[in-house]
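First the structure, in the form of structure tokens, and then the observations on it.
Note on naming: letters A, B, ... go to the chains in the order of the sequence lines (proteins, then strands), and numbering restarts at 1 for each one.
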Amino acid sequence: MVTPARRRMLAVPFFPSFMSDHADEKNAAEDPAAAEGPRHTEGKPMTDLERIRHSAAHILATAILRVWPEAQFAAGPPVENGFYYDVELPHRISPADFERIEAEMKKETKANNVFQRVEVSRDEAMALAEKGALASLGERPGSPSKFKLDIVQNIPADEKITLYRNGDFTDLCAGPHVGRTGNVGAFKLTHVSSTYYKGDEKNPQLQRIYGTAFKNRTQLDEYFAMLEESKKRDHRKLGKELELFTFDEDVGPGLAMWLPRGTAIIEELEKLAKETEFAAGYERVRTPNLARENMYLTSGHIPMYADSMFPPMDFGKREADDRIKELESQLYGTQPPGQSVRLQTEIEELRKASAVTSDRYYLKAMNCPHHHKLFGAVPRSYRDLPLRLAEYGTCHRYEQSGELFGLMRVRSMQMNDAHIYCTEAQFEAEFNAVNEMYLKYFKIFGIEKYRMRFSTHDPSKLGEIFLNEPELWKKTEDMVRNVLIKSDIDYIEVPNEAAFYGPKIDVQVWSIIGREFTLATNQVDFGVPAKFGLKYKTRENTEETPLCIHRAPLGTHERFIGFLIEHYAGNFPLWLSPEQVRVLPIGDEEPLVDYGKAIVNELRASGVRATLDAGTDPIKAKIASAEQMKVHTMLVVGNRDLEAGNVSVRVHGKGNLGAKPRGEVIADLLASIKERRA
RNA sequence: GCCAACGUAGCACAGCGGUAGUGCAGCUGAUUCGUAAUCAGCAGGUCAUGGGUUCGAAUCCCAUCGUUGGCUCCA
């Protein structure tokens, strides 16, 4: 269901890639999501930096051909942080080869060759490709430039075909480029990965060589320094350093375990969610972590999404299997032929029966079916609507091993879920209220860099991947769009990306290393409640099926906290801080330690996460270790403070704020926590 | 799942065919101090796991597991 454009978005989040090779322009033209953001087109020239990077891609191809003349190239565009070129080559390029390739690239930039634009006819381009002369240093008889050949064939008839030359190297390319190879001032190859031609696994597998390039060395160095800085706030690194969560091979990949410090954050988020949802008229429910297969047959998740679910536990089948095994072992030991025939018959019958008697349970991958069952458990009247059922439900999804990524992509997740059952008349107000809730949360966390993606259906796929309810699609999409427009939210509309049961809004954010994630989701469902036979009595005493809104403004704990760690660089505001206050007595003499203990006890009695460092380390060392763990507030207490009934306040990132009366400081802390100050 | 790289003490890393190392953290002492690290001692490892090559493997080869970067996927 992911379009090519979406894929590119994932790879290059901040600015959609400015694909410029013919192949990519063609994709962009066809691409329903092309309206998603700025994109290179005829009327919108590349920036200077993109020209440099696009040119660097050609220089990379030139260099690779000098080392491996048989290389076949596909596409080589600039991307957000650099460029790549896809190459087919028997030799597996590894980072060990980079030095050699970069040396050849250096020769090409030193030579300062002109990038020469040549317009050719389609026949000329085809002829060159067949002679192997495109993306090549010259003709290569017997090995046509096969990918370029394919690309030429796909260029629309009315489009001009151009080549670019630098030195011996000629490439099929729409340009533009810098004037000379020497204008690529500084470059570096960064990594290599694999890809399929045009992203389709049926196509040949290519090696994608990534690099980056800048106008000059200084900018390149700054870029890598910035990358180093970013790595410091990577949630995986901070999570380890701050002892927030951990993964364990024996527990399983993608199964995060929360240490006490991370759990403290979870508790705060749940407290926030529960308060907010309670005030907004939600009711809390609890459901088990698994359910029988039948429920997921009803919901349509099997077979549609069975691949993404953990395989089932099959109890009935296991009993049958045990009996079959037992009979089989008897079978091997039997001599009289009659006996063995009897056993074989029994085994076969058991096998047939096991298909029927099997009793399969699945770990839940989503909470909706359980909540639908709760809606259906009690007779409902229009007076009960809207009914808002909320649960921090634990879901399990069997994500592909290669997709797992720290806390951002896991296999077990705790979701800030709720389902709102309402009438069509109530829908717009409810959807709007959900939206307001999102914005309220984002304000609390100071989340500013996000994008709302409004996913709609594709009318040509009704009855296939979208429920065949043209009226309802139109109606709900209009309502959602209205809400977005009325609340003046910046959003992008993406056709063909809706859920099968209705349109949705996803909130997209980016991890510090640039990967895009859906942080939160708000979905309309006009399909599944009917499958569950959910009804309510109307004022006219007729039966209606409710609409359902699935919403998860705080997403999952895993992803949301992963995001928050990076958002705050581990420097959480007081209310979220795993260790809110640490009291640091100067020395470990009894009266001081007792004073510190009293302060800690007073804070803990008010629910503040406070600890005491009663160690014998010098005060500087105590401060250093508290700072290292990013403890929000440090209260230094020495004899001066003890005598005056003061504490000396030090705040992480702000330094020493001086001595203040103990009562005043505690009151301030409590107020800051209560108000969830930034 | 696919391609590639990487797995050495709790953490960060060195060693890359010849008896496992450093720093921080930890523990035990001493130190009793005013805002980012006091000193000393001790302890900690089947070098991810399993196989192979070799007189000898952390080091070379193969497989498995895990992590990472991409690809694919993402209800």
Side-chain angles (χ1 to χ4, degrees), chain A residues 1-2 6-7 10-11 84 86 92-96 190-203 205-210 234 236-237 240-241 243 246-254 296 299-302 304-309 364-369 395 397-406 408-409 465 497-502 504 506 513-518 521 523 525 528 550 559 584-589 592-593 615-628 634-641 648-652 654-659:
Chain A
M1 279 228 268
V2 173
R6 172 86 185 279
R7 259 181 257 125
L10 295 172
Y84 67 77
D86 286 345
R92 289 262 161 225
I93 294 177
S94 83
T190 51
H191 53 281
V192 57
S193 73
S194 95
T195 182
Y196 294 99
Y197 181 54
K198 291 183 173 172
D200 186 339
E201 63 183 317
K202 283 178 227 109
N203 287 335
Q205 192 158 39
L206 307 173
Q207 304 184 62
R208 178 168 291 180
I209 319 295
Y210 281 92
D234 188 314
R236 293 167 296 185
K237 182 175 160 66
K240 204 174 266 179
E241 287 171 0
E243 296 176 12
T246 187
F247 290 92
D248 187 288
E249 223 177 288
D250 288 339
V251 174
Y296 297 111
S299 69
H301 287 106
I302 297 170
M304 220 165 179
Y305 301 109
D307 281 354
S308 316
M309 294 173 76
K364 72 177 171 190
M366 68 299 292
N367 301 301
C368 11
C395 297
R397 297 181 184 181
Y398 195 77
E399 304 288 1
Q400 292 184 47
S401 58
E403 262 312 309
L404 300 174
F405 175 62
M408 304 303 257
R409 197 73 182 271
I465 59 171
E497 297 253 331
F500 72 92
Y501 45 68
K504 64 174 180 177
D506 289 325
I513 64 162
R515 271 202 220 175
E516 183 179 9
F517 288 95
T518 300
T521 183
Q523 312 183 349
D525 180 349
V528 185
H550 305 236
R559 192 174 283 180
L584 312 174
I586 300 172
D588 69 341
E589 277 168 359
L592 268 181
V593 170
T616 65
D617 280 339
I619 189 63
K620 284 188 179 214
K622 288 187 181 182
I623 288 170
S625 64
E627 288 281 359
Q628 211 161 35
M634 289 147 275
L635 300 179
V636 176
V637 291
N639 285 318
R640 266 190 341 238
D641 302 291
S648 295
V649 182
R650 181 188 169 96
V651 172
H652 176 65
K654 290 196 183 140
N656 187 4
L657 302 183

Do side-chain atoms of A/Ser308 reach the backbone of A/Arg397 as a donor and acceptor pair under 3.5 angstrom? no
Spacing of A/Met408 atom CE relative to B/U67 atom P, expressed in whole Å: 17 Å
Look at all strands and tell whether A/Phe247 reaches a base, only sugar-phosphate, or nothing, counting heavy atoms closer than 4.0 Å. nothing
Under 4.0 angstrom between A/Ser401 side-chain N/O and B/G1 OP1 or OP2: yes
Heavy-atom check, side chain of A/Gln205 versus side chain of A/Tyr196, under 4.5 Å: yes
d(CZ, A/Phe517; C1', B/C73) in whole Å: 12 Å
A/Arg208 side-chain N/O to A/Ser193 backbone N/O, donor-acceptor pair under 3.5 Å: no
Please determine, for the side chain of A/Tyr196, which listed nucleotide (B/A75, B/C2, B/G70) has the closest atom? B/C2
When rounded to whole Å, the CD to P distance for the pair A/Glu497 and B/C73 reads 11 Å
For RNA chain B, stems built from three or more consecutive Watson-Crick or G-U wobble pairs below 3.5 Å: B:1-7 with B:65-71, B:10-13 with B:21-24, B:26-30 with B:38-42, B:48-52 with B:60-64
Given the structure, check if the side chain of A/Arg208 and the base of B/C3 hold any donor-acceptor pair shorter than 3.5 Å. no
Examine the base of B/G70 for any acceptor or donor lying under 3.5 Å from a partner atom in the side chain of A/Ser194, and report the outcome as yes or no. yes
How does protein contact run along nucleotides 26-38 of chain B, one letter per nucleotide 5' to 3', with B for base contact, S for sugar-phosphate only, - for none, heavy atoms under 4.0 Å? ----BBBBBBBBB
Using only heavy-atom distances, decide whether a donor-acceptor pair under 3.5 angstrom links the side-chain of A/Arg397 to the base of B/C73. no
Without decimals, in angstroms, what is the distance between A/Asp307 CG and B/C2 C1'? 16 Å
Take atom C1' in B/U59 and the same atom in B/G17, then report the distance between them in whole Å. 6 Å
Rounded distance in Å between the P positions of B/A5 and B/C60: 13 Å
Please give the distance between the C1' atoms of B/G44 and B/G26 as a whole number of Å. 9 Å
Are the side chain of A/Lys622 and the backbone N or O of A/Ile586 linked by a donor-acceptor pair below 3.5 Å? no
Which heavy atom of A/Asp234 sits nearest a heavy atom of A/Arg236, and at what distance? OD2-NH2, 2.6 Å
Separation of atom CG in A/Leu404 from atom C1' in B/G70, rounded to whole Å: 15 Å
Between A/Ser193 and A/Gln205, which residue's closest nucleotide on RNA chain B lies nearer the 5′ terminus? A/Gln205
Which label fits A/Phe500 and A/His301: parallel for a plane angle under 30°, tilted from 30 to 60°, or perpendicular past 60°? perpendicular
How does protein contact run along nucleotides 9-14 of chain B, one letter per nucleotide 5' to 3', with B for base contact, S for sugar-phosphate only, - for none, heavy atoms under 4.0 Å? --S---
Roughly how many Å is it from CZ in A/Phe500 to P in B/C74, rounded to a whole number? 13 Å
What pair of heavy atoms forms the shortest contact from A/Tyr296 to A/Pro369, and how long is it? CE2-CG, 4.0 Å
Should A/Thr521 and A/His550 count as side-chain neighbours, where that means a heavy-atom distance under 4.5 Å? no
Are the side chains of A/Tyr501 and A/Gln523 in contact, using a 4.5 Å heavy-atom criterion? yes
Does A/Leu206 reach a base, just sugar-phosphate, or nothing at all? Heavy atoms under 4.0 Å. nothing
Distance between the P atoms of B/A4 and B/A63, in whole angstroms? 10 Å
Tell me the interatomic distance from A/Asp248, atom CG, to B/A48, atom P, rounded to whole angstroms. 16 Å
Quick check on RNA chain B: between A/Arg92 and A/Tyr501, whose nearest nucleotide comes earlier from the 5' end? A/Arg92
Could you tell me how far B/A9 sits from B/A43 if I compare only their C1' atoms? Round to whole Å. 11 Å
Categorize A/Thr190 for me: base, sugar-phosphate, or nothing, with a 4.0 angstrom heavy-atom threshold over every strand shown. nothing
A/Arg650 side chain to A/Gly655 main-chain N or O, any donor-acceptor pair under 3.5 Å? no
Quote, to the nearest angstrom, the C1' distance that separates B/C11 from B/U67. 16 Å
Just call it for A/Ala365: base, sugar-phosphate, or nothing, with non-hydrogen atoms closer than 4.0 Å on any strand. base
When the P atoms of B/A36 and B/A40 are considered, how many whole Å apart are they? 22 Å
Correct closest heavy-atom pair for A/Ile619 and A/Pro585 would be CD1-O, 4.1 Å
In whole Å, I'd like the distance from the CD atom of A/Glu249 to the P atom of B/U68. 12 Å
Which heavy-atom pair separates A/Asn656 from A/Val649 by the least distance, and what is that distance? OD1-O, 3.3 Å
Quick check: closest heavy atoms across A/Gln207 and A/Ile93, and the distance to 0.1 Å? OE1-N, 2.8 Å
Kindly give the heavy-atom pair with the smallest separation between A/Gly615 and A/Asp588, and that separation in Å. O-CB, 3.7 Å
Which value, in whole Å, describes the distance between the P atoms of nucleotides B/C61 and B/U53? 15 Å
